[in-house]
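See structure below.
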Amino acid sequence: MRITPIPNGTVIDHIMSGGALKVLKVLGITGEQDSIVSVLMSVTSNVHGRKDVVKIENRELQPNEVNKIAIIAPDATINIIRDSTVVDKVQLKLPEKVEGVLKCSNPLCISNKERDVPSKSLILSREPIRYKCYYCEREIEDLHKSIII
C-alpha cells in the first residue's frame, strides 16, 4: 500500500516510533470523522532510526491540540498543507504554561472541584518532561493519562 501526499491538512512527522496511536487518541481521532487519516508506523528515519507519521486530510490543528502533541511527542514536526504545498512547518517545543491540556491529579484541587476553573499547568522540567498544577502546585503524575481528551 502506498501513502499518497495530501492536498490539504496536517502531517505530524517524526513521532517517536510507537507514538502515533497516542497522537490519534489525544486528537480524538477514532476513524468516525469525515477526514481521511493515514498512519505510518515504524518507518525508516534518517534521524531517529524509526518513526511514526500521521496525516490528517482537510484538518488543521488548533493550538491546544499542538500543545497536547508537544507533551507526548516533543520531537515531532507539524506540517500544514494547502493546495499540496507545505505552507507552515512547526518544530514542536514544550510550552511553559498550558491551559485545558492536563488534568491535575489532586482530587481536591480547585480545577477539579469548580466547574468554571480551567486546568492550568506550568513546566517543571524538560528532561524528563514534568508539569505541575498552577493552582495547588502538585506535580502531574502521569502526563499521558492526565491529558484532557
Is any side-chain heavy atom of [Y] closer than 4.5 Å to one of [X]?
{"X": "Ile78", "Y": "Ile80", "answer": "yes"}
{"X": "Ile29", "Y": "Arg59", "answer": "yes"}
{"X": "Leu27", "Y": "Ile12", "answer": "yes"}
{"X": "Ile69", "Y": "Val66", "answer": "no"}
{"X": "Asp88", "Y": "Asn79", "answer": "no"}
{"X": "Lys97", "Y": "Lys120", "answer": "yes"}
{"X": "Val53", "Y": "Val11", "answer": "yes"}
{"X": "Ser105", "Y": "Glu141", "answer": "yes"}

Under 3.5 Å: donor-acceptor pair, side chain of [X], backbone of [Y]:
{"X": "Asn106", "Y": "Arg138", "value": "no"}
{"X": "Glu114", "Y": "Ser111", "value": "no"}
{"X": "Ser119", "Y": "Leu102", "value": "yes"}
{"X": "Asn58", "Y": "Gly9", "value": "no"}
{"X": "Lys103", "Y": "Asn112", "value": "no"}

Notebook entry, point to check: Can you find a side-chain donor-acceptor pair between Arg50 and Thr44 that sits under 3.5 Å?
Noted result: yes
Calculate, to the nearest 0.5 Å, the distance between atoms [atom1] and [atom2] belonging to [X] and [Y] respectively.
{"X": "Glu57", "Y": "Ser38", "atom1": "CD", "atom2": "OG", "answer": "6.0 Å"}
{"X": "Leu61", "Y": "Ile56", "atom1": "CG", "atom2": "CD1", "answer": "5.5 Å"}
{"X": "Ser84", "Y": "Asn8", "atom1": "OG", "atom2": "CG", "answer": "7.0 Å"}
{"X": "Ser42", "Y": "Met16", "atom1": "OG", "atom2": "CE", "answer": "12.5 Å"}
{"X": "Tyr135", "Y": "Leu108", "atom1": "OH", "atom2": "CG", "answer": "16.0 Å"}
{"X": "Met41", "Y": "Ser17", "atom1": "CE", "atom2": "OG", "answer": "7.0 Å"}

Which atoms form the tightest heavy-atom contact between [X] and [Y], and what is the distance?
{"X": "Ala20", "Y": "Val39", "answer": "CB-CG1, 3.7 Å"}
{"X": "Ala76", "Y": "Ile15", "answer": "CB-CG1, 4.3 Å"}
{"X": "Ile71", "Y": "Ile129", "answer": "O-CD1, 3.7 Å"}
{"X": "Ile140", "Y": "Cys133", "answer": "CD1-N, 4.1 Å"}

Notebook entry, point to check: Same cluster for Ile72 and Leu21 if Ile/Leu/Val/Met/Phe/Trp/Tyr side chains link at under 4.5 Å?
Noted result: yes
Margin query: Hydrophobic cluster membership, with links at side-chain heavy-atom distances under 4.5 Å among I/L/V/M/F/W/Y: are Ile6 and Leu40 in one?
Written below: yes
Notebook entry, point to check: Is there a side-chain contact (heavy atoms from CB on, under 4.5 Å) between Leu92 and Thr77 once you walk through the steps?
Noted result: CA-CA 6 Å; Leu92 294 180; Thr77 304; over 6 Å; no
Next item on the list: Assess whether side-chain contact (heavy atoms from CB on, under 4.5 Å) is satisfied between Leu94 and Tyr131, documenting all intermediate values.
Entry: CA-CA 10 Å; Leu94 289 171; Tyr131 278 87; 3.9 Å; yes
Checklist line | Pair Glu96 + Arg126: basic N to acidic O under 4.0 Å | finding: yes
Item checked: Result of checking Lys55, Lys89, Lys51 against Asp13 for side-chain hydrogen bond (donor to acceptor under 3.5 Å, both in side chains) -> Lys51
Note to self: Checking Pro128 now: which residues fulfil side chain to side chain contact (heavy atoms under 4.5 Å, CB included) with it, not counting sequence neighbours?
What the structure shows: Ser125, Arg130
Next item on the list: Could you list the residues that satisfy side chain to side chain contact (heavy atoms under 4.5 Å, CB included) with Glu127, not counting sequence neighbours?
Entry: none
Next item on the list: Only pairs at least two apart or in different chains count here, so list each salt bridge (charged side-chain N to carboxylate O under 4.0 Å, His left out) that has a residue in residues 75-85.
Entry: Glu60-Arg82
Item checked: Criterion side-chain contact (heavy atoms from CB on, under 4.5 Å) on Val43 and Asp52, from CA distance to verdict -> CA-CA 6 Å; Val43 295; Asp52 291 357; over 6 Å; no
